[in-house]
Peer 1: 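Handing you this structure, nothing more for now.
Note that this is a predicted model, so its numbers are computed, not measured.
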Amino acid sequence: MAAACSRTLCKVGRSFLETPAAARTGTVSFLLGNAGAHGFRRGLSTGGPGFRSRLLSSVRAGGGRVLGCAFLLGGGLGLYQTLKLSVSGDGLKMTLYQYKTCPFCSKVRAFLDFYGLPYDVVEVNPVMRQEIKWSAYRKVPILMVDGELQLNDSSVIISSLRTLMINNLSDIIRCYPEMKSVNDRGKEVTEYNNKYWLMLSEAQTANLYPEKGMQKEEMKWRQWADDWLVHLVSPNVYRTTGEALASFDYIVREGKFGTLEGFFAKYVGAAAMFVISKRLKNRHNLQDDVRQDLYKAVNDWVAAIGKNRKFMGGDQPNLADLAVFGVLRVMAGLQAFDDMMENTKVKSWYRRMERATLNHEGRS
């Protein structure tokens with residue numbers, strides 16, 4: 001949703017953005033959240049010292065291998081930064097670079113919140129992206145660990161950190177190598193190998209997934225959230241002109257910018273995204289009434305959990321629960337979300353997920 005907005009408004013508003021008024025601070029931070037010249041930061045005081053000390057020690061223990069990790073992760077971690085990994089510190093600092101309503105960013109926040117891991121947020125301007133100009137990797141989310149180590153891609157971030165909670169980061173970070181390819185539209189894309197895998201020993205895997213099929217099920221639905229569910233968001237929130245306007249009205253309110261910029265974002269952006277949403281519907285072979293695809297997907301998810309489990313993970317959410325929750329959460333407050341809650345069986349699970357992330361129930 002966020003990425004599509006930024007690409008569209010880059011094209012529609014290019015002449016506008018080239019004017020001095022459009023170039024000043026805050027003018028084009030309108031898409032998703034309130035991004036100033038240095039970004040909007042939010043600090044969370046959750047998490048425990050055990051995780052911080054393990055990550056700091058594992059990063060420092062990496063030694064010369066970390067330089068190789070930097071290249072595998074694909075940019076944003078220069079030689080100077082790599083050499084600084086031996087600098088001592090009193091605690092871990094994680095900074096998430098994001099678009100507020102990006103479903104992939106929401107996935108990472110759901111993971112961090114559930115496990116009570118402390119982090120700051122930098123809201124990235126989706127058009128100018130000045131907040132991540134230091135990075136060769138130009139997408140979000142990006143997670144910076146202690147100001148030194150860069151993790152890209154939501155699923156890689158989640159798999160890496162979850163593995164770290166059991167294992168050593170310097171041993172597993174190399175297991176998610178970056179792969180570049182050209183898609184069927186001739187555009188270069190970056191993908192990461194093994195991103196749904198946790199790098200654990202057989203004993204650790206058996207402890208984390210005590211029942212047969214649990215690991216495979218978790219991986220299957222994590223990938224489903226990325227490959228299918230996320231593509232239902234934009235066609236649904238921009239389904240009609242009224243819904244497109246309502247979506248951008250929410251974005252404008254969150255952005256807190258001036259009348260001219262808000263007008264441009266709300267009306268030009270909404271009109272553009274309404275058209276784009278129709279193209280997305282065709283690209284992903286959705287029904288004329290895209291709500292039906294959303295309802296079916298959500299009900300398929302609930303059916304997979306079944307009647308005897310609170311979550312797919314059992315009594316506690318697993319990584320698939322957190323991924324699906326993160327994607328669906330970006331629609332909250334919009335008509336598509338209200339319709340989904342009214343016309344599917346997802347409400348009870350969703351409310352349990354809200355409580356689990358809000359109360360950091362995975363921290364224990």
Peer 1: Report the C-alpha separation of Arg222 and Asp226 in whole Å, then their side-chain angles, then the decisive distance to 0.1 Å, and conclude whether the salt bridge (charged side-chain N to carboxylate O under 4.0 Å, His left out) test is met.
Peer 2: CA-CA 7 Å; Arg222 287 181 68 191; Asp226 287 351; over 6 Å; no

Peer 1: Are more than 12 heavy atoms, taken from residues, nucleotides or ligands other than Trp197, located less than 6.0 Å from that residue's CH2 atom?
Peer 2: no

Peer 1: Quick one: does Leu245's side chain get under 4.5 Å of Thr240's, heavy atoms only?
Peer 2: no

Peer 1: Please report the interatomic distance CG(Leu358) to NE2(His360), rounded to the nearest 0.5 Å.
Peer 2: 6.5 Å

Peer 1: Tell me whether the rings of His284 and His231 are parallel (<30°), tilted (30 to 60°) or perpendicular (>60°).
Peer 2: parallel

Peer 1: If I compare all heavy atoms of Leu232 with all of Ala297, which pair ends up nearest, and what's the gap?
Peer 2: CD1-CB, 3.6 Å

Peer 1: List in chain and number order the residues that pass ring pair (Phe, Tyr, Trp, His ring centres under 6.0 Å) with Tyr295, two or more places apart in sequence or in another chain; answer none if no residue qualifies.
Peer 2: none

Peer 1: Please check if atom CD in Glu202 has more than 12 non-hydrogen atoms from other residues, nucleotides or ligands closer than 6.0 Å.
Peer 2: no

Peer 1: If only atom types and distance count, is the side chain of Thr101 paired as donor or acceptor with the main-chain N or O of Val330 below 3.5 Å?
Peer 2: no

Peer 1: Could you walk me through whether Tyr209 and Glu218 pass the side-chain contact (heavy atoms from CB on, under 4.5 Å) check?
Peer 2: CA-CA 10 Å; Tyr209 305 105; Glu218 180 186 77; 2.5 Å; yes

Peer 1: Under 4.5 Å between side-chain heavy atoms, counting indirect links through other Ile/Leu/Val/Met/Phe/Trp/Tyr residues: same cluster for Trp228 and Trp301 or not?
Peer 2: yes

Peer 1: Who passes salt bridge (Lys or Arg N to Asp or Glu O under 4.0 Å) against Arg279, sequence neighbours left out?
Peer 2: none

Peer 1: Give every donor-acceptor pair under 3.5 Å between a side-chain atom in residues 138-145 and any protein atom, sequence neighbours left out.
Peer 2:
| unit_1 | atom_1 | unit_2 | atom_2 | d |
| --- | --- | --- | --- | --- |
| Arg138 | NH1 | Ile132 | O | 2.5 |

Peer 1: side-chain contact (heavy atoms from CB on, under 4.5 Å) between Thr163 and Leu200: does it pass, once the steps are laid out?
Peer 2: CA-CA 7 Å; Thr163 299; Leu200 307 175; 4.2 Å; yes

Peer 1: From Phe104 CZ over to Tyr99 OH, what is the distance, rounded to the nearest 0.5 angstrom?
Peer 2: 12.5 Å

Peer 1: Say whether, by atom type as modelled, one donor and one acceptor occur between the side chain of Ser159 and the main chain of Ser155 under 3.5 angstrom.
Peer 2: yes

Peer 1: I need the minimum non-hydrogen distance between Leu112 and Met94, along with the two atoms involved.
Peer 2: CD2-CE, 4.0 Å

Peer 1: Measuring from Arg351:CZ to Met353:CE, what's the distance to the nearest 0.5 Å?
Peer 2: 13.0 Å

Peer 1: Go through the structure and list residues passing salt bridge (Lys or Arg N to Asp or Glu O under 4.0 Å) with Arg239, not counting sequence neighbours.
Peer 2: Glu243, Asp289

Peer 1: Using the test ring pair (Phe, Tyr, Trp, His ring centres under 6.0 Å), find all partners of Phe111 that sit at least two apart in sequence or belong to another chain.
Peer 2: Tyr115

Peer 1: Just so I know, are the side chains of Ile158 and Leu319 near enough to count as touching, which here means a heavy-atom distance under 4.5 Å?
Peer 2: yes

Peer 1: Please report the shortest heavy-atom distance between Ala336 and Met331, naming the atom on each side.
Peer 2: CB-SD, 4.1 Å

Peer 1: Going from CG on Leu198 to CE on Met165, what distance comes out if it is rounded to the nearest 0.5 angstrom?
Peer 2: 11.0 Å

Peer 1: Given the rule in the side-chain contact (heavy atoms from CB on, under 4.5 Å) test, do Arg162 and Leu208 qualify, once you have shown the distances and angles that lead to the verdict?
Peer 2: CA-CA 11 Å; Arg162 185 66 182 119; Leu208 187 61; 3.4 Å; yes

Peer 1: Would you sort out whether Ile276 and Tyr238 count as a side-chain contact (heavy atoms from CB on, under 4.5 Å), showing the intermediate values?
Peer 2: CA-CA 9 Å; Ile276 293 296; Tyr238 303 120; over 6 Å; no

Peer 1: Give a yes or no on whether the backbone of Phe114 and the side-chain of Arg363 come within a donor-acceptor separation of less than 3.5 Å.
Peer 2: no

Peer 1: With rounding to the nearest 0.5 Å, note down the distance linking CG in Asn152 to OG1 in Thr190.
Peer 2: 9.0 Å

Peer 1: How close do Leu334 and Ala246 get, heavy atom to heavy atom, and via which atoms?
Peer 2: CD2-O, 4.2 Å

Peer 1: Which residues pass the side chain to side chain donor-acceptor pair (under 3.5 Å) test with Thr241, not counting sequence neighbours?
Peer 2: none

Peer 1: Decide yes or no for Lys220 and Lys216: does some side-chain heavy atom of the first lie under 4.5 Å from some side-chain heavy atom of the second?
Peer 2: no

Peer 1: Are any non-hydrogen side-chain atoms of Phe311 and Asn318 less than 4.5 angstrom apart?
Peer 2: no

Peer 1: Which atom pair, heavy atoms only, marks the closest approach of Val233 to Val327?
Peer 2: CG2-CG1, 4.0 Å

Peer 1: Does anything in residues 307-331 form a salt bridge (charged side-chain N to carboxylate O under 4.0 Å, His left out)? List the pairs, not counting sequence neighbours.
Peer 2: Glu217-Arg309

Peer 1: Please identify each residue that fulfils side chain to side chain contact (heavy atoms under 4.5 Å, CB included) with Val189, with sequence neighbours left out.
Peer 2: Ser181, Asn183

Peer 1: Determine whether the side chains of Gln204 and Ser201 contain a donor N or O and an acceptor N or O closer than 3.5 Å.
Peer 2: yes

Peer 1: Any donor-acceptor pair under 3.5 Å linking the side chain of Asn343 with the backbone of Asp339?
Peer 2: yes

Peer 1: Any side-chain heavy atom of Leu294 sitting closer than 4.5 Å to one from Val290?
Peer 2: no

Peer 1: Would you find a donor on one side and an acceptor on the other, under 3.5 Å apart, between the side chain of Thr344 and the backbone of Met341?
Peer 2: no

Peer 1: Are the side chain of Ser160 and the backbone of Ile157 linked by a donor-acceptor contact shorter than 3.5 Å?
Peer 2: no

Peer 1: Are the side chains of Tyr97 and Gln150 in touch, meaning some heavy atoms are under 4.5 Å apart?
Peer 2: no

Peer 1: Between Glu178 and Lys180, does at least one N-O distance fall below 4.0 Å, as a salt bridge requires?
Peer 2: yes

Peer 1: Partners of Lys345 by side chain to side chain donor-acceptor pair (under 3.5 Å), sequence neighbours excluded?
Peer 2: none

Peer 1: For Asp293, give me all partners under salt bridge (Lys or Arg N to Asp or Glu O under 4.0 Å), at least two apart in sequence or on another chain.
Peer 2: none

Peer 1: Of the non-hydrogen atoms in Tyr196 and Met219, which two are nearest, and what is the gap between them?
Peer 2: O-CG, 3.3 Å

Peer 1: Please examine the side chains of Met340 and Val346, heavy atoms only from C-beta on, and report whether any two atoms are closer than 4.5 Å.
Peer 2: yes

Peer 1: Check whether any side-chain N or O of Asn167 sits under 3.5 Å from a backbone N or O of Met199 as a donor-acceptor pair, and report yes or no.
Peer 2: yes

Peer 1: Name all residues meeting the salt bridge (Lys or Arg N to Asp or Glu O under 4.0 Å) criterion together with Asp338; count only those two or more places apart in sequence or in a different chain, and write none if there are none.
Peer 2: none

Peer 1: Not counting sequence neighbours, which residues clear side chain to side chain donor-acceptor pair (under 3.5 Å) with Tyr350? List them please.
Peer 2: none

Peer 1: Is there a donor-acceptor pair under 3.5 Å between the side chain of Glu123 and the backbone N or O of Lys100?
Peer 2: yes

Peer 1: Under a 4.5 Å cut-off applied to non-hydrogen side-chain atoms, are Thr95 and Val122 in contact?
Peer 2: yes

Peer 1: How many angstroms lie between atom CG of Asn236 and atom CG of Leu280, to the nearest 0.5 angstrom?
Peer 2: 11.0 Å

Peer 1: For Asp113 and Tyr119, test the side chains for any donor-to-acceptor distance below 3.5 angstrom and give the result as yes or no.
Peer 2: yes

Peer 1: Is the side chain of Ser277 donor-acceptor paired with the backbone N or O of Pro235 at a distance under 3.5 Å, no angle test?
Peer 2: no

